[in-house]
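What follows is a set of notes on a single structure, which appears directly below.
These numbers were taken from a predicted model, which means no experiment stands behind them. Every chain is numbered from 1, with letters handed out A, B, ... down the list of sequences.
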Amino acid sequence: MSEQDESGQHESGAGASRRYVLALGAAAASTVVTIRPALAQTAGSIVNCEIPVPAPQAAGSYIAPDGSVVAPGTPGAFPPASRPLKGEEVKVMLRGGTPPGIDAESSQAYANYIRRLQAGMSGFTCYASLQMPR
Amino acid sequence: MRGGAALLVRLLRNPIAAERIGPEAWSEVIAAARAESLLGSLASRLGGMPLPAKLGALLDDARRDAERARVQALWEAEMARRALARLEVPVVLLKGTAYVAAGLSAGVGRSIGDLDILVPHHRLQAVQAALIDAGWEWVKEDGYDDLYYRRWMHELPPLIHRERDRMIDVHHTILPLTARRRPSAAALIAASERLGNGLRVLAPADMIVHAAAHLFADGDLAGGLRNLWDIDRLVRDFGARQGFWTELEQRARLHQLLGPVARSLRLSAALYGTSVDIALAGPARLSDRMYIRRLLARDGWGRATRPAVRLAFYIRSHWLRMPPLLLARHLWVKARR
Amino acid sequence: MRHNLHLQIGPASFRIGSAWAAPIRALSALYQDYPQAELPCDFTVRLEPQKPWRRWLRPSVSIAGDYVLPGAAPLPLEHGLLAAEMGMNLQMALGQKRLLLLHAATVERGGRALVMTGESGAGKSTLAALLGESGWRLLGDEFALLDPDTGLLHPFPRAVSLKNGAIAVLEGKVAADRFGPLLVGTPKGHIRHLRPNREAIERAREPARPALILFPRFGADLPEAVRGVGAAEAFVRLTQASTNYGHLGLRGFEALTRLVTQTEARAIDYHQTATALRLVETLWAEDAA
Amino acid sequence: MAGPRYTADPPGAMPTVELNGLTALFHVRSGMTHILAAPAPQILALLAEGPTTRETILARLTDRFAVESEGDVLELLEARLSELENAGLVWRS
């Protein structure tokens, strides 16, 4: 969208009428972006949110069983989740369950990591949404 | 207990009592009202009363928040209307959204969660497809849950809109098919009333029958004070209409919900001072006291109290919703996951 | 609840109840100079055992109240002070419906406010605490509260939550009696709370006009950089830094568009606190003066 | 021509603020905020004059602006309209 605003509307030097040029954009372009609430409104928003484990700033770090972020290769700790976890999976994990494709022990370490998320950290919004009273 | 649910109920019933309440007790009322999702309703009830500035500001916030909930609920209804317009099916709004759309007192200050709509059973597939086409998605991808919903429930599994983050519950009747009582969904839709925008709401008597069914059948009376407040407000809006009580009795009987309607009227009269038809409400029962104890089980810190009473209602609610064998099967499948 | 305390922090008042005496004792020591709370309280926080027997047996504190995150892990009783702080933050994040809440640290000088917002770990708290000890008034290290009616920022000067390395930095500058106990091994590492100075507490009801918005980013190997942030980008980033933008409706829209069109915004990258402090002073002289 | 007519809420129900080249719009009916880039604000401005068809919108746009496009003009306009429709800012009647 940022390129759009550069080229979208400018004065046409050629036309004697000094009409504005209005580009209709490409078929796949996006000219309407809706502001999504930082804290989602419903518990159901879980399908739409994801939690990276760990946060991108700590990418590659391992997760200890208590959920803390530790150096890669730390004995007893688990490798980072291979992809961001979906809200629905997180919900299962927070209840002590194991979502498909993740083994039981790392699942609990990830759950502990998520429980420690604080406002402002990647994934907190998703986590908070999961817990929102309805 | 003094500052908890009991005081909240007293204030809802009689706002004049607000003048005699001290600031400490107000903190307790507010905590209890938040826990019962009744702060917006209380704030609306107390609107225009001369109250201390700090309390007034707090109640202003609650009223503004309720107004936002109203706008958001009406918008979700409008988006569902646009999505379903070309199907030409009757779309009946239920619960909070219906109250605000129809401009009823029950909607004033009310908190509103998901959008609930009722559509004819034979059009469920088309409705579902049109909603998915317009950006709603399944909340869960789980075979058992899905099958469970389709076989036993009164609604589709919940859908959520991927952009707006709001849920919709599409009902084809008002009680789970597992419940022993069988309301007539066809009669509900046939008697429903059309609003200006083409959406519909239940007829007054059916609206109260549904509110009563919802109060007792859905959960363990959690949120019961709010659901009962709905009934009080609806009865106050409709009760004086010509022939209303006869109509209510007939509809309650038709939907096999005479007992729940009668009890909800007795409880509403007892807690909120609602004027009800004595013949329909019937004489007070000993068990009503138990319900009242359950409904008022909230202290001035917003904590749930009376754990034994709560547990009794919890077990009872699961019992109510499903025949025993089915309940066992349900718990078994849940436990294995 | 038997153990309880009322606290007034800027425009918001809290009622905190606890099943144990210790967290309330720690809170009242940390917040000793704060003004009397205005009643009724805006928010109720409860510190309670997750299960009745956990009151005595391996006591653990779960955070409850008007607005809750039920799945949040309970904290050991030694970290009760942190639980209370988290409980109050949660009420603000989820329950504030009057003021636009931005997840940001704010300081003021000459009636004009500097707002710093960014992800946790961007060093906002540390920067705000340091500025608050060197000629600026600390408005808050966690939440900036924008008043839609006036366009002014209200202080929310709760105790600054210093983490790990930042603890020693501030211990070197501030008298010992302004610190809470050192909380070892919390979910966020070591934490020590710092009571803001007397000026910050005494002027806690005095708002300030926003003059500069910074988006700081900290990284051990980030080269120092300053970049202008346009109004549209600032707007979108601030909606994402707000927990209640959507709740405020038109009032929120007007307040935030006014903020970004009338206030300069800059993004800064830094790898040392000293650099950040220097950048703050330079940009303040250029943009806010 | 029997194409659908597009309708938008009146401008008073959609206050806007210009933010360096983009338009922030608050939609009162939904309580939602949208960020718009050209040509979305121009299309909404046209629809403020009343419900109208795709063809008329295009005719009026061409009348007022030097319209540029990288493909079929009507198709692109349709894409823009459906974006506005998805956001709930425009609907067909």
Side-chain angles (χ1 to χ4, degrees), chain A residues 1-50 56 86-88 119-134, chain D residues 6 8 14 16-27 29-47 54 57-91:
Chain A
M1 200 164 91
S2 52
E3 298 103 88
Q4 264 281 302
D5 72 72
E6 300 296 327
S7 63
Q9 193 180 17
H10 54 82
E11 263 181 276
S12 155
S17 58
R18 297 181 58 76
R19 292 195 312 162
Y20 282 101
V21 169
L22 188 68
L24 287 184
S30 182
T31 62
V32 182
V33 173
T34 301
I35 300 290
R36 292 179 71 103
L39 264 186
Q41 305 289 305
T42 61
S45 47
I46 50 181
V47 281
N48 290 320
C49 69
E50 293 183 335
K86 293 253 181 246
E88 189 59 38
M121 287 169 71
S122 298
F124 175 78
T125 299
C126 178
Y127 170 58
S129 312
L130 281 171
Q131 316 291 352
M132 280 289 272
R134 294 252 249 89
Chain D
Y6 290 89
M14 298 190 286
T16 58
V17 173
E18 293 305 313
L19 299 177
N20 52 328
L22 298 174
T23 302
L25 177 147
F26 184 80
H27 185 220
R29 241 178 122 185
S30 64
M32 295 197 299
T33 303
H34 308 277
I35 308 285
L36 309 180
Q42 289 77 8
I43 294 174
L44 288 178
L46 278 181
L47 289 175
R54 204 175 54 157
I57 296 171
L58 184 60
R60 291 195 193 153
L61 281 179
T62 326
D63 200 37
R64 289 169 212 192
F65 302 97
V67 172
E68 281 181 357
S69 83
E70 302 157 29
D72 182 83
V73 193
L74 265 183
E75 255 172 45
L76 287 174
L77 178 60
E78 179 101 27
R80 300 290 80 87
L81 282 166
S82 76
E83 279 189 275
L84 290 164
E85 217 179 335
N86 286 337
L89 295 172
V90 159
W91 66 98

Can you list the steps and then say if E68(D) with L22(A) is a side-chain contact (heavy atoms from CB on, under 4.5 Å)?
-> CA-CA 6 Å; E68(D) 281 181 357; L22(A) 188 68; over 6 Å; no
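- Looking at T34(A) and T33(D), their side chains never come closer than 4.5 Å, going by heavy atoms from C-beta outward.
- In this structure, the separation between CG on L24(A) and CG on D72(D) is 10.0 Å, given to the nearest 0.5 Å.
- Side-chain atoms of E83(D) come within 3.5 Å of backbone atoms of T31(A) as a donor-acceptor pair (strictly under, hydrogens ignored).
- Partners of R64(D) under the salt bridge (charged side-chain N to carboxylate O under 4.0 Å, His left out) rule, at least two apart in sequence or in another chain, are E49(D).
- Listed by first and then second residue, the salt bridge (Lys or Arg N to Asp or Glu O under 4.0 Å) pairs that reach into residues 22-35 of chain A come to none, sequence neighbours excluded.
- Heavy atoms only, all atoms of each residue included: A23(A) and P39(D) are closest at O-CD, 3.6 Å.
- Using a 4.5 Å cut-off between heavy atoms, T62(D) touches chain A through its backbone atoms (N, CA, C, O) alone.
- Neither the backbone nor the side chain of L25(D) comes within contact range of chain A, judged by heavy atoms closer than 4.5 Å.
- Across all non-hydrogen atoms, the minimal contact from I35(A) to I35(D) is CD1-CG1, 3.9 Å.
- For the set R80(D), M32(D), E75(D), E70(D), the entry with the most heavy-atom pairs within less than 4.5 Å of chain A is R80(D).
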